[in-house]
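So that the names make sense, note that chain A is the first sequence line, chain B the second, and so on, each numbered from 1.
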Amino acid sequence: MGQSLIGVNPTSVDLVDVGKDEEVKMRPGQVLHIVNKLYPYTVQFAEESGKDVTEAEEKVQAEKRPCEDSSENDDIENVPRKAKKTEVVDTQGSSAELKLSKTSVFPQEGTSSKKEHLGHWSQGLKSSMQDPKMQVYKDEKTVVIKDKYPKARYHWLILPWESIPSLKTVTREHLGLLEHMHAVGEKMIDQCPARGSLEFRLGYHAIPSMSHLHLHVISQDFDSAALKTKKHWNSFTTEYFLNSQDVIEMVRSKGKVTVKDHASELLKLPLRCHICKQQLSTIPQLKEHLRKHWPK
DNA sequence: GTTCTAGAAC
DNA sequence: GTTCTAGAAC
């Protein structure tokens, strides 16, 4: 869902959709008074050393260093950084009963009942994707980061700059973007020194844990210390993992993505090698088995 | 999504 | 006794 801003007209509420290609230019420090007649807000754009999303898009510094594994990832996740895009300041005491309509301003800000959402772990990608130290590639539409807990030797996430919560909100309007994300994923593979020896898959989790649409690009060795549970395994090796190409085709034909009802049960399936289909009883045994399929 | 750990499984 | 999994996390 795209963000929307509410007009300043004090007597009527105008919703301006800026979701697609938001063109609301705000400068750091500029103050925008967003006034829902019942719920006044002041949105202030905090300074961010020239790293506003829109600016980042304009820069389009298509830098690529996919596979050169640099140092260890700094653990800067879930720390709600001050230099976010916007700050919402409640200029009036908030009344508990007054809720912003669903299509209202900044979905993640919540209303008042429950707070934290931006600092919640499920929102982690939103901050990671903005962190230059995490970015491995970026262009006008997307950014690529390495999965913080890679489940294989190579595991990237392709994310759109546009705020799309998940596949649930994807429509035909997004087809071009989905195809671009796929193309970027393949470009990452092309750049990878192991492209000749490892297989790769590109796809989405049927029921992702992390908010913000993200395409997984993962090598099929599954040689990773972060791969620890049956859920991990099955989320990448059963139909829980939706091929990017299939998703694109589904959006093209149906205009949306539907997920099978039993998707969540797939995570409980017995451990089975994705290559030879042998069943293993524990994760350690599975990991030992996988070595047989490693490239020589 | 991960961490932690109780208790099931071996 | 050790390994391993699965569910809570205020």
Side-chain angles (χ1 to χ4, degrees), chain A residues 72-81 84 96 107-108 110-131 133-136 142-160 163-170 181 185 201-219 222-242 244 247 257 259 262-274 278-291:
Chain A
E72 204 52 44
N73 283 343
D74 325 23
D75 273 15
I76 334 175
E77 179 113 320
N78 301 338
V79 184
R81 291 137 66 77
K84 250 328 201 175
Q108 70 270 52
T111 54
S112 61
S113 47
K114 289 179 181 176
K115 38 172 136 189
E116 67 169 329
H117 251 146
L118 219 85
H120 192 259
W121 58 263
S122 65
Q123 307 302 306
L125 292 178
K126 295 185 194 338
S127 47
S128 291
M129 66 185 277
Q130 301 294 341
D131 185 343
K133 288 194 283 296
M134 301 283 189
Q135 300 165 343
V136 171
T142 62
V143 59
V144 180
I145 61 177
K146 292 201 278 187
D147 192 292
K148 194 179 177 193
Y149 299 91
K151 302 305 187 295
R153 293 178 191 169
Y154 300 97
H155 187 180
W156 299 286
L157 304 181
I158 321 295
L159 308 104
S163 176
I164 301 172
S166 74
L167 286 177
K168 287 182 182 173
T169 58
V170 165
M181 289 168 67
R201 286 186 73 191
L202 301 82
Y204 300 85
H205 279 156
I207 308 171
S209 301
M210 306 289 279
S211 182
H212 202 106
L213 185 67
H214 54 284
L215 170 64
H216 290 271
V217 177
I218 184 168
S219 58
F222 295 109
D223 173 19
S224 157
L227 177 44
K228 299 175 175 176
T229 70
K230 174 177 280 190
K231 177 176 177 176
H232 289 155
W233 179 253
N234 286 330
S235 72
F236 287 102
T237 59
T238 69
E239 290 177 319
Y240 192 89
F241 191 81
L242 309 173
S244 171
V247 166
V257 179
V259 168
H262 68 286
S264 64
E265 290 142 53
L266 297 171
L267 299 177
K268 302 267 181 79
L269 289 173
L271 301 172
R272 199 174 281 282
C273 174
H274 62 313
Q278 180 178 338
Q279 187 172 318
L280 288 305
S281 50
T282 68
I283 292 288
Q285 284 173 39
L286 169 65
K287 292 193 162 204
E288 181 57 33
H289 170 87
L290 291 177
R291 301 174 70 96

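You'll find the ring centres of A:His214 and A:His212 outside the 6.0 Å limit.
Checked options A:Phe236, A:Phe241, A:Trp233; the residue passing with A:His274 is A:Trp233 (criterion: ring-ring contact (aromatic ring centres under 6.0 Å, His included)).
With hydrogens and angles left out, the side-chain atoms of A:Lys148 and A:Ser128 include no donor and acceptor closer than 3.5 Å.
Of all nucleotides present, none satisfies the Watson-Crick or G-U wobble test against C:dC10 with each distance under 3.5 Å.
Look at NE2 on A:His155: it is 11 Å from C1' on B:dG1, rounded to the nearest Å. The interatomic distance linking A:Asp147 (CG) with B:dG1 (P) rounds to 9 Å, in whole Å.
Contact annotation for A:His232: backbone-only contact, meaning every heavy-atom pair under 4.0 Å involves sugar-phosphate atoms and none involves a base.
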Start with the C-alpha distance between A:Leu159 and A:Val144, add both sets of side-chain angles, then the distance that settles side-chain contact (heavy atoms from CB on, under 4.5 Å), and finish with yes or no.
CA-CA 6 Å; A:Leu159 308 104; A:Val144 180; over 6 Å; no
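By the side chain to side chain contact (heavy atoms under 4.5 Å, CB included) test, A:Ser235 is found to be paired with A:His205, A:Tyr240, A:Leu267, residues two or more places apart in sequence or in another chain being considered.
Residues A:Leu118 and A:His120 are not in side-chain contact: their nearest non-hydrogen atoms beyond the backbone lie 4.5 Å or more apart.
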Return the polar atom pairs (N/O with N/O) between nucleotides 3-7 of chain C and the protein under 3.5 Å, or none.
from, atom 1, to, atom 2, distance (Å)
C:dT5, OP1, A:Ile283, N, 2.8

